[in-house]
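Quick note on labels: first sequence line is chain A, next is B, and so on, each numbered from 1. What's counted below: heavy atoms across the whole structure, side chains too, no hydrogens, waters or symmetry copies.
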Number of protein chains: 2
Amino acid sequence: MNSLLVRFLVVFNRGMSNADRHGLIAKAVRDSGGATVQELAELTGASEMTIRRDLDTLAAQGVLERVRGGARTLLLRGEEPPFALRAHEAVDAKRRIAAEISALIADGESILLDSGTTCLEIARLLRDRPVTVMPLSLQAIHLLGEAPGSATLVVPGGQPRAAEGALTGPLTLASLAALRFDTAVIGCCGLSAADGLTAYDLDDAAVKKASIASARRTIVATDGGKLGRTAYAYVGPSTLLHTLVTDTTAPADEVAALEGAGTIVKTA
Amino acid sequence: MNSLLVRFLVVFNRGMSNADRHGLIAKAVRDSGGATVQELAELTGASEMTIRRDLDTLAAQGVLERVRGGARTLLLRGEEPPFALRAHEAVDAKRRIAAEISALIADGESILLDSGTTCLEIARLLRDRPVTVMPLSLQAIHLLGEAPGSATLVVPGGQPRAAEGALTGPLTLASLAALRFDTAVIGCCGLSAADGLTAYDLDDAAVKKASIASARRTIVATDGGKLGRTAYAYVGPSTLLHTLVTDTTAPADEVAALEGAGTIVKTA
DNA sequence: CCGTAACGAACATCTCTGATGTTCGAAAGT
DNA sequence: ACTTTCGAACATCAGAGATGTTCGTTACGG
């Protein structure tokens, strides 16, 4: 269906940035499960050598798997998509959700910030505000620690998990137990009124649970695709969540059910 | 004395990198306590506009203070030189010390890595070795977390102090109390057989003290200039230190005194 | 209040790094 | 053994950053 669009791109993409091309390649490989170097060269209008270099880069990032002659997707079934891959998608929606959440936070608050791509966008917005932030991912720690904005950074202990750098483990739980926050901003992998909040990973779920317990108020940030879905590890019931910020793709029935259970829902 | 060298540079420095110029400016301002834009332009051979931009950059980094017409040093008396400033100096010696320390560490060890520029170099060397590392500075966490080498990263909790990103505070102490390491690699601000190990900052000293207590073996990394010096905050006696790695500028009498007190001294 | 020096925004120019494509010998698969 | 793929090496190109110049504005000293 979008092959017309692709044709268009092939002709007029002299100014295509390599990030765009990487996204295109990642999408092509993911959608069809695999692709040859030739196909990708034709698709993007780049030379085969460039495609090989791209594939090496993407393979190093864990977005796809390199095979002789082309590349294959890493996603077999139901697994959590790699962080590097998710980072490509739906940046606009995440930005809007992040802006909405930033507006919910008052100056001077202490904030606990979960891992995930959406929360990373939130970190970007909080950097120049007079707040105290404890992020639960290495990426957000980098962001807040490098260019010292007006935000105060507190680093939790922990062991980084996977490419995302989500901090987990006993050190993280101990840091959470030692502190109390005004607001916890949590990402999620699945959320429904029936099954509550769920995550892909047990360690991650334990951290989220402790995060919610350490905060006076909990805000969940998630795109509409996660609503109504249930992932593997159970975190807690939706009644623990004070506010949910999502985008316009959220299914109406699920939103209604969550609102019925007492959660304030905002659509960005 | 080295004004001849400076003259030489003025004439032949078409290919001077801006880092070189920044170092030159920082040194000039530090040595004389202040300098005008004109003086610095003449010294470096760059235009006044470029000098102004440099000064803005260096002021943002906390290396110096901008005043109308020029810049002033931030160092009043006996204070710790800013991290951004120290980072310029003596990179070679730090590299050699780092290499020596890396050689002292066996595969499979768990290592506690202090903050400081020398320890940052050590982190660079440990990244691709099969060891477990808990660094006490944001910079080293970045280094080990970004490009996942073979080293396992453990993040301590804490609050980053100053530009260096040294982690301190109760969260850091709690993380240290919860873990035990094979080796602690410690930097220092002053070390002598008489006054022991000292640091510029009380919080930092508390972290160093706890670090030494959490490790089976303690290695101190420091350039020769710190030996025989005593800084403000006391950490502990030199007898706590198993090995000292320093460079050839170390004063012989101090080295002898430390060896007499039971510390193994290696010169890189 | 005025004059002078300093400042910084805007633009033009330059340099250099990183990205890309081409070629060709080596390696892998059939 | 033959074909395809790979990747190292080199040439080329574009974009980003650095630098310098100009000029209107601002701040300090009288």
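- At dA18(D), none of the side-chain N or O atoms of Arg21(B) fall inside 4.0 Å of OP1 or OP2 (strictly under the cut-off).
- Donor-acceptor pairing under 3.5 Å is lacking for the side chains of Arg161(A) and Ser115(A).
- For Arg53(A) against dG21(C), a side-chain-to-base donor-acceptor contact under 3.5 Å is present.
- Listed pair Arg52(B) / dC7(C) meets the phosphate criterion, a side-chain N or O lying under 4.0 Å from OP1 or OP2.
- Distance Leu58(A) CG to dA19(C) C1': 15 Å, rounded to the nearest Å.
- Atom-to-atom, CE of Met49(B) to C1' of dA9(C) comes out at 8 Å; the value is rounded to the nearest Å.
- In this structure, Leu55(A) atom CG and dT5(D) atom C1' are separated by 13 Å, rounded to whole Å.
- OP1 or OP2 of dA6(C) has at least one side-chain nitrogen or oxygen of Gln38(B) nearer than 4.0 Å.
- Across all non-hydrogen atoms, the minimal contact from Ala98(B) to Glu121(B) is CB-CB, 3.7 Å.
- Rounded to an integer number of Å, the gap from Ile51(B) CD1 to dT19(D) P is 9 Å.
- The interatomic distance linking Glu48(B) (CD) with dG20(D) (P) rounds to 11 Å, in whole Å.
- Regarding Arg66(A), its CZ atom lies at a distance of 8 Å from the C1' atom of dC6(D), rounded to whole Å.
- Taking for each of Ser47(A) and Arg68(B) the nucleotide of DNA chain C with the nearest heavy atom, the 5'-most of the two is the partner of Arg68(B).
- If you measure from atom CG of Asp54(B) to atom C1' of dA18(D), you get 10 Å, rounded to the nearest angstrom.
- Val155(A) and Pro156(B) make their closest contact through CG1-O, 3.6 Å (heavy atoms, listed as atom of the first residue, atom of the second, distance).
- Side chains of Ser102(B) and Arg129(B): a donor-acceptor N/O pair is present below 3.5 angstrom, by distance only.
- DNA chain C is contacted by both Ala46(A) and Val37(B); Val37(B) maps to the nucleotide lying nearer its 5′ end (nearest heavy atom per residue).
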